[in-house]
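Naming: A, B, ... by sequence-line order, numbering from 1 per chain. What you see is a predicted model, and the numbers here were worked out from it, not measured in a lab.
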Protein chains: 2
Amino acid sequence: MSTLAQGKADLERASTAQKVADMLRERVLDGELEPGLRLSEEAIGGALGVSRNTLREAFRLLSRDRILVHEHSRGVFVRRPTGDDVRDLYAARRVIECGALRLWNGVTEAQREAVRAPVRRAVARAEKGDLSKTGSANIQFHRGIVGLAGSTRLSDESDRLFAELMLAFRVAQEVEAFHQTYLPWNRKIVELLGDGAVDQAVLQLHEYFDAAEQDLVGRLS
Amino acid sequence: MSTLAQGKADLERASTAQKVADMLRERVLDGELEPGLRLSEEAIGGALGVSRNTLREAFRLLSRDRILVHEHSRGVFVRRPTGDDVRDLYAARRVIECGALRLWNGVTEAQREAVRAPVRRAVARAEKGDLSKTGSANIQFHRGIVGLAGSTRLSDESDRLFAELMLAFRVAQEVEAFHQTYLPWNRKIVELLGDGAVDQAVLQLHEYFDAAEQDLVGRLS
DNA sequence: ATCGTAGAATCGTTCAACAATCCCACAAAC
DNA sequence: GTTTGTGGGATTGTTGAACGATTCTACGAT
């Protein structure tokens with residue numbers, strides 16, 4: 001059974017455009033390709049060994065993911081979120097995550113664990129003085145919250161929102177330190193959830209968004 | 001000032017791929033291209049007078065919008081939502097719209113009016129016996145609800161969810177009649193909002209989603 | 001310092017080509 | 001008779017070249 005599933009994964013090979021898009025997304029999100037950078041078709045295509053046409057298909061995919069911005073006759077650029085973008089992003093996250101968190105009492109134990117575990121791990125690392133990966137830990141926490149809704153579409157869209165915010169962090173030159181501040185906040189939310197105080201947790205989450213938005217917008221403008 | 005804005009609109013011409021994607025989306029949503037239909041590159045490209053490469057860029061855009069489904073080496077197809085898809089769609093809408101509706105007291109009067117007006121117009125039409133456009137009226141109502149969040153990203157994603165649901169309606173062969181049933185529901189929600197009973201309205205909206213989902217899933221399986 | 005312009009670079013789009021894959025119909029085997 | 005190969009035809013995946021259109025850049029004129 002597991003071998004069948006594995007074989008299926010092998011069979012479902014992706015197109016070149018898809019693979020190129022995935023790899024470019026990685027390069028953008030890990031900071032190798034900075035926000036605002038123009039991606040020349042010739043340069044990228046030459047480096048990756050793919051034709052311009054295929055590369056343009058990949059660009060179309062990534063522009064729909066809001067990772068890249070397509071400017072007609074000027075080229076594609078790594079997105080460079082503005083203060084307005086950040087406000088828009090947090091407005092969306094507020095609705096999605098606060099709405100999802102309210103479902104806490106109606107979801108499976110596995111879903112709840114996906115919210116708790118990232119915070120527990122982050123706390124453990126912080127106590128050891130390990131301050132790496134605080135960013136991805138924070139995102140995993142919020143990804144877990146969205147997962148409470150049980151909708152792949154909602155989770156996928158949230159991933160796009162997270163990706164865009166990571167670009168904003170980079171513009172603000174605060175990739176890791178930013179999240180660090182908010183670990184106690186996440187901890188408090190999990191605590192409240194454990195006490196069954198869902199409404200309190202939602203309120204706390206709401207305040208977290210307000211604070212984070214203000215912080216990030218401030219650094220951007 | 002208005003001439004400047006107009007000129008700007010002219011300047012910002014879209015690429016061929018973008019225009020083709022827009023027109024194909026229309027054709028799909030108005031039912032001319034049925035769910036499950038395969039879109040041959042040669043046929044569509046020939047009919048529209050665009051090259052295969054440009055057409056493939058358009059396909060990539062629409063596949064990210066979930067209007068089309070790309071199956072490797074088999075072609076692109078108009079999406080044909082399943083019962084599971086519908087459940088996923090409503091799970092997302094429940095979170096988004098219930099979350100947005102809770103913002104009722106904190107938004108501008110224009111935003112509130114964008115929720116009320118579609119229902120008012122639909123009621124007026126229904127009283128005259130005009131049962132056309134009930135589908136788009138319903139969507140406008142829900143679009144207004146999402147608009148309360150004030151996030152273009154959230155509104156755009158919701159539009160994608162609506163579009164996918166319209167495909168599901170078509171598969172269930174219930175494009176207009178489906179929505180008709182739910183006008184009283186919308187009316188009740190607006191009424192409750194007018195009375196300041198936001199929590200009640202959210203509850204009502206939640207029940208609407210439960211009923212609509214069950215109805216549509218039933219017709220699909 | 002501003003403006004304008006020629007030339008280079010890049011994008012937008014098309015076309016032709018070919019390998020890889022899929023689909024379909026037909027024949028062979030159980 | 002249903003299943004199992006097995007061709008060939010159609011379609012997709014990808015590339016490379018080509019060329020008009022647009023943008024950028026650097027240089028010279030005012």
Side-chain angles (χ1 to χ4, degrees), chain A residues 4 7-25 27-28 33-80, chain B residues 6-25 27-28 33-80:
Chain A
L4 254 96
K8 184 186 172 194
D10 289 337
L11 281 176
E12 283 178 2
R13 67 227 166 276
S15 67
T16 306
Q18 183 65 247
K19 284 184 284 190
V20 168
D22 288 344
M23 101 104 66
L24 283 179
R25 192 200 335 273
R27 291 288 176 282
V28 167
L33 301 172
E34 290 181 2
L37 182 69
R38 174 166 147 271
L39 302 186
S40 151
E41 294 183 357
E42 194 182 357
I44 305 280
L48 269 55
V50 299
S51 72
R52 279 183 61 213
N53 286 320
T54 299
L55 185 60
R56 285 174 63 88
E57 286 185 33
F59 283 170
R60 294 294 188 183
L61 291 172
L62 289 172
S63 72
R64 269 308 200 257
D65 284 346
R66 296 190 225 100
I67 296 285
L68 302 182
V69 176
H70 205 131
E71 295 187 20
H72 194 277
S73 286
R74 298 200 347 111
V76 297
F77 302 80
V78 177
R79 183 172 210 98
R80 204 166 189 290
Chain B
Q6 198 176 5
K8 183 187 172 195
D10 289 338
L11 281 176
E12 283 179 1
R13 67 222 167 278
S15 67
T16 305
Q18 184 63 248
K19 284 186 283 191
V20 168
D22 288 344
M23 102 102 66
L24 283 178
R25 192 201 334 270
R27 292 287 176 282
V28 167
L33 300 171
E34 292 180 1
L37 183 69
R38 175 167 146 267
L39 302 185
S40 152
E41 292 182 359
E42 192 182 357
I44 305 278
L48 269 55
V50 299
S51 73
R52 279 183 62 211
N53 294 102
T54 299
L55 185 58
R56 284 174 63 89
E57 287 186 31
F59 284 169
R60 293 295 188 184
L61 290 173
L62 289 171
S63 72
R64 269 307 201 257
D65 283 346
R66 297 191 224 99
I67 296 285
L68 302 181
V69 176
H70 205 133
E71 295 187 20
H72 194 274
S73 287
R74 298 200 347 110
V76 297
F77 302 79
V78 177
R79 184 171 208 100
R80 204 168 187 289

Enquirer: Who are the side chain to side chain donor-acceptor pair (under 3.5 Å) partners of A:Glu42, not counting sequence neighbours?
Expert: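 With sequence neighbours excluded, A:Glu42 shows a side chain to side chain donor-acceptor pair (under 3.5 Å) to no residue whatsoever.
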Enquirer: Tabulate protein N/O versus nucleotide N/O from nucleotides 7-10 of chain D, keeping only pairs under 3.5 Å, one per line.
Expert:
none

Enquirer: Holding to side-chain contact (heavy atoms from CB on, under 4.5 Å), I want the full list of residues that pass it with B:Asn53, two or more places apart in sequence or in another chain.
Expert: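 Here the qualifying residues are A:Asn53, B:Ser51.
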Enquirer: For nucleotides 12-17 of chain D, give me one character per nucleotide, 5' to 3': B if any protein heavy atom sits under 4.0 Å from the base, S if the only such contacts are to the sugar-phosphate, - if neither.
Expert: BBBBB-
Enquirer: What residues form a salt bridge (charged side-chain N to carboxylate O under 4.0 Å, His left out) with A:Glu71, not counting sequence neighbours?
Expert: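 Here the qualifying residues are A:Arg74.
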Enquirer: Could you work out, with side-chain contact (heavy atoms from CB on, under 4.5 Å) as the rule, every residue matching A:Arg27, not counting sequence neighbours?
Expert: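 With neighbours one apart ignored, the set is A:Met23, A:Asp30, A:Glu32, A:Leu33.
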Enquirer: How would you list, by chain and number, every residue that makes a salt bridge (charged side-chain N to carboxylate O under 4.0 Å, His left out) with A:Arg56, sequence neighbours excluded?
Expert: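 Per chain and number, A:Arg56 pairs via salt bridge (charged side-chain N to carboxylate O under 4.0 Å, His left out) with A:Glu41, B:Glu57.
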Enquirer: Taking side chain to side chain donor-acceptor pair (under 3.5 Å) as the test, write out the residues that go with A:Arg66, two or more places apart.
Expert: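 Result, side chain to side chain donor-acceptor pair (under 3.5 Å) vs A:Arg66: A:Glu157, A:Glu164.
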Enquirer: Restricting to side-chain contact (heavy atoms from CB on, under 4.5 Å), what partner residues turn up for A:Thr16, sequence neighbours left out?
Expert: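 In terms of side-chain contact (heavy atoms from CB on, under 4.5 Å), with neighbours along the sequence ignored, A:Thr16 is linked to A:Val20, A:Val50, A:Thr54.
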